[in-house]
Participant: 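So that we are looking at the same thing, I have put the structure below in structure tokens.
Note that the structure is a prediction, hence the values are computed from the model and not measured. Here is how names work: the chains are called A, B, and so on, in the same order as the sequence lines, proteins then strands, and each is numbered from 1.
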2 protein chains.
Amino acid sequence: MLAPQRPMKARRQSVILDVVQRESIRSQEQLRRRVCAAGFDVTQATLSRDIREIGLVKGGASGAYLAPGGVAPNGKTAESLLLRAASEYLLRVDRVQQLVLLHTGLGQAQPLCVALDAARLPEVVGTVAGEDTVLVIAPDTRRAKMLTGRLQTAMGEGTGQDLGK
Amino acid sequence: MLAPQRPMKARRQSVILDVVQRESIRSQEQLRRRVCAAGFDVTQATLSRDIREIGLVKGGASGAYLAPGGVAPNGKTAESLLLRAASEYLLRVDRVQQLVLLHTGLGQAQPLCVALDAARLPEVVGTVAGEDTVLVIAPDTRRAKMLTGRLQTAMGEGTGQDLGK
DNA sequence: CGAGGGAAAGAATATTTATACAGACCGATG
DNA sequence: CATCGGTCTGTATAAATATTCTTTCCCTCG
């Protein structure tokens, strides 16, 4: 033990929660890298214990770690909230004609969908939130493409595909 | 493999869901014993795959497997409710590429849609319920086919519930 | 001050879970 | 019928996770 350990554990666990909500974490090793990058030098064993204490849950279709209750970030303007939600929840964007599929971690489609609705973008006619995906119906293919690009930018880097089926 | 494997998988997964809800299962080996006892000779590998498909989640304070979305106190799972809803309302299933159309009697699309959403199937990205039709968007054609088959089976099997209870 | 207790965490390891691979089994097709 | 394509599964194994054991650091008493 080198580092001081007063509120250490609590802060670390908070970081863990944050990381897990921000991106899709599928192993403790992957998580460890993130947490280390955030300045906490931890081992897998400790993470295993932390995860249990926090009550994180692993599995679902995505196989990622999830926070049980879901998340509710505090309000900003609709637009900035959407950007924030996109950067936080959005994992991938696909488009099929005028339909856009937004992929998130399990249970995160709902908050993203709410943010998207609230933003009232002209490209969005309607949305349907699944468990880990939001279906967005755009007026036409052109605007679906616009939306796709916009969200991919917000996401940070576009990993999505654009199948024209 | 000697036994026939028609709706095998679906039944087995349904049993898994039941077992997991009935008692605290903390490992696949433990689950395997229960499922075997229910008449399904199955290996850990298959359970691992089933668990992912069903969308079960492991962790939390208990470290047990959980059905996402909480547990119904009366013991009815979202899955069994869906089977019941399907057998009751579903008249026909069509598929067009990755879109699945569920036909019901007038005014019955909504309840079926609710059941479908609650089941959180991995093949279901999102749903839109009309008056007598539910549109289901699957991630791709393959899973749309899976869903189609599954629902047609449920539709044919009248009373939905399985053996072993 | 010097036990004694307890939380915290690393190292090593046991246990558990996911996966690569291959075989069996349809169903459709030519 | 032979073949191809798909799904489903078991076996063996890799990968991931939980746990045991041990040490280090505070505290709190006496």
Side-chain angles (χ1 to χ4, degrees), chain A residues 1-16 20 24-36 38-66, chain B residues 1-16 19-20 24-36 39-66 95 97-98 121-123 138-153:
Chain A
M1 282 280 21
L2 301 174
Q5 88 267 51
R6 247 260 320 301
M8 265 278 284
K9 187 173 159 186
R11 314 220 294 126
R12 187 186 57 233
Q13 293 187 345
S14 159
V15 167
I16 290 171
V20 160
S24 179
I25 299 291
R26 299 162 61 118
S27 81
Q28 294 179 4
E29 178 54 27
Q30 189 185 357
L31 176 59
R32 197 182 65 77
R33 276 183 237 114
R34 293 289 180 286
V35 174
C36 283
F40 293 86
D41 189 5
V42 284
T43 60
Q44 174 266 323
T46 296
L47 287 181
S48 174
R49 290 183 274 248
D50 282 342
I51 283 170
R52 165 164 303 218
E53 281 178 33
I54 298 174
L56 287 186
V57 112
K58 179 185 180 179
S62 68
Y65 283 102
L66 318 162
Chain B
M1 277 273 48
L2 302 174
Q5 84 269 51
R6 246 290 307 300
M8 262 275 284
K9 186 174 161 186
R11 288 171 173 276
R12 187 185 58 231
Q13 293 185 346
S14 175
V15 167
I16 290 172
V19 168
V20 158
S24 179
I25 299 291
R26 302 164 61 106
S27 82
Q28 294 179 5
E29 178 53 28
Q30 188 185 357
L31 176 60
R32 198 182 64 79
R33 277 184 239 114
R34 294 290 180 283
V35 174
C36 283
F40 292 88
D41 189 5
V42 83
T43 61
Q44 174 265 322
T46 296
L47 288 182
S48 174
R49 291 183 272 246
D50 282 342
I51 283 170
R52 164 165 303 221
E53 281 178 32
I54 298 175
L56 288 185
V57 114
K58 179 184 179 182
S62 67
Y65 282 101
L66 308 166
R95 183 184 63 79
Q97 296 193 357
Q98 85 280 26
L121 302 179
E123 301 93 346
D140 49 46
T141 301
R142 181 177 66 80
R143 271 168 287 194
K145 282 180 184 169
M146 285 173 58
L147 179 64
T148 302
R150 205 162 163 184
L151 287 175
Q152 279 173 339
T153 299

Participant: So among A:K58, A:Q28, A:R26, which one has a side chain to side chain donor-acceptor pair (under 3.5 Å) with A:Y65?
Facilitator: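 The side chain to side chain donor-acceptor pair (under 3.5 Å) with A:Y65 is passed solely by A:Q28 among A:K58, A:Q28, A:R26.
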
Participant: When the distance from CE of B:M8 to C1' of D:dT7 is rounded to whole Å, what number comes out?
Facilitator: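 Interatomic distance, CE of B:M8 to C1' of D:dT7: 13 Å.
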
Participant: D:dT17 P sits how many Å from A:L56 CG, rounded?
Facilitator: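 Going from CG in A:L56 over to P in D:dT17 covers 12 Å.
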
Participant: Just the atom pairs and distances: protein N or O near nucleotides 17-21 of chain C's N or O, under 3.5 Å.
Facilitator:
unit_1, atom_1, unit_2, atom_2, d
C:dT17, OP1, B:K58, NZ, 2.6
C:dT17, OP1, B:Y65, OH, 2.9
C:dT17, OP2, B:Q28, N, 2.4
C:dA18, OP2, B:Q28, NE2, 2.7
C:dA18, OP2, B:S48, OG, 2.8
C:dA18, N7, B:Q44, NE2, 2.9
C:dA18, N6, B:Q44, OE1, 2.9

Participant: Could you give the CD-to-C1' distance, from B:Q30 to D:dT17, as a whole number of Å?
Facilitator: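 Interatomic distance, CD of B:Q30 to C1' of D:dT17: 16 Å.
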
Participant: Would you say the side chain of B:K9 lies within less than 4.5 Å of the side chain of B:R12, judging by non-hydrogen atoms?
Facilitator: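 Contact flag for B:R12/B:K9 side chains = yes.
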
Participant: Expressed in angstrom and rounded to an integer, what is the separation of B:Q13 atom CD from D:dT7 atom C1'?
Facilitator: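 Between C1' of D:dT7 and CD of B:Q13: 13 Å.
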
Participant: Give the minimum heavy-atom separation between B:F40 and B:R11, together with the two atoms involved.
Facilitator: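 Nearest pair, atom of B:F40 first, then B:R11: CZ-CB, 3.9 Å.
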
Participant: Do any N or O atoms from the side chain of B:Q30 and from the backbone of B:S24 form a donor-acceptor pair under 3.5 angstrom?
Facilitator: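 Pair found, side chain donor or acceptor close to backbone of B:S24.
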
Participant: Within the 4.0 Å heavy-atom criterion, would you say A:D41 contacts the bases, only the backbone, or no part of the nucleic acid?
Facilitator: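 Sugar-phosphate contact only - A:D41 comes under 4.0 Å of backbone atoms but never of a base.
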
Participant: Let me test you: for the helix from C:dC1-D:dG30 to C:dG30-D:dC1, what is the angle between the axes at its two ends (five pairs each), rounded to 10 degrees?
Facilitator: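 For the helix from C:dC1-D:dG30 to C:dG30-D:dC1, the axes at either end differ by 10°.
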
Participant: Restricting to non-hydrogen atoms, name the atom on A:L66 and the atom on A:L56 that form the minimum distance, rounded to 0.1 Å.
Facilitator: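 Residues A:L66 and A:L56, closest heavy atoms: O-CD2, 3.3 Å.
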
Participant: Can you see if the side chain of A:R12 gets near the phosphate of C:dA9 - specifically, an N or O under 4.0 Å from OP1 or OP2?
Facilitator: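 True: A:R12 side-chain N/O within range (under 4.0 Å) of C:dA9 OP1/OP2.
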
Participant: Applying side chain to side chain contact (heavy atoms under 4.5 Å, CB included), name anything that partners A:R32, two or more places apart in sequence or on another chain.
Facilitator: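 In terms of side chain to side chain contact (heavy atoms under 4.5 Å, CB included), with neighbours along the sequence ignored, A:R32 is linked to A:E29, A:C36, A:V42, A:L47.
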
Participant: Is the shortest heavy-atom distance from the side chain of A:Q44 to the side chain of A:S48 under 4.5 Å?
Facilitator: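 Side-chain contact under 4.5 Å: yes.
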
Participant: By the definition side chain to side chain contact (heavy atoms under 4.5 Å, CB included), identify the one residue from A:I16, A:D50, A:D41, A:I25 that meets it with A:V35.
Facilitator: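 That would be A:I16.
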
Participant: For A:R32 and C:dA9, what is the distance between atoms CZ and C1' respectively, to the nearest whole Å?
Facilitator: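 Atom CZ in A:R32 sits about 14 Å away from atom C1' in C:dA9.
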
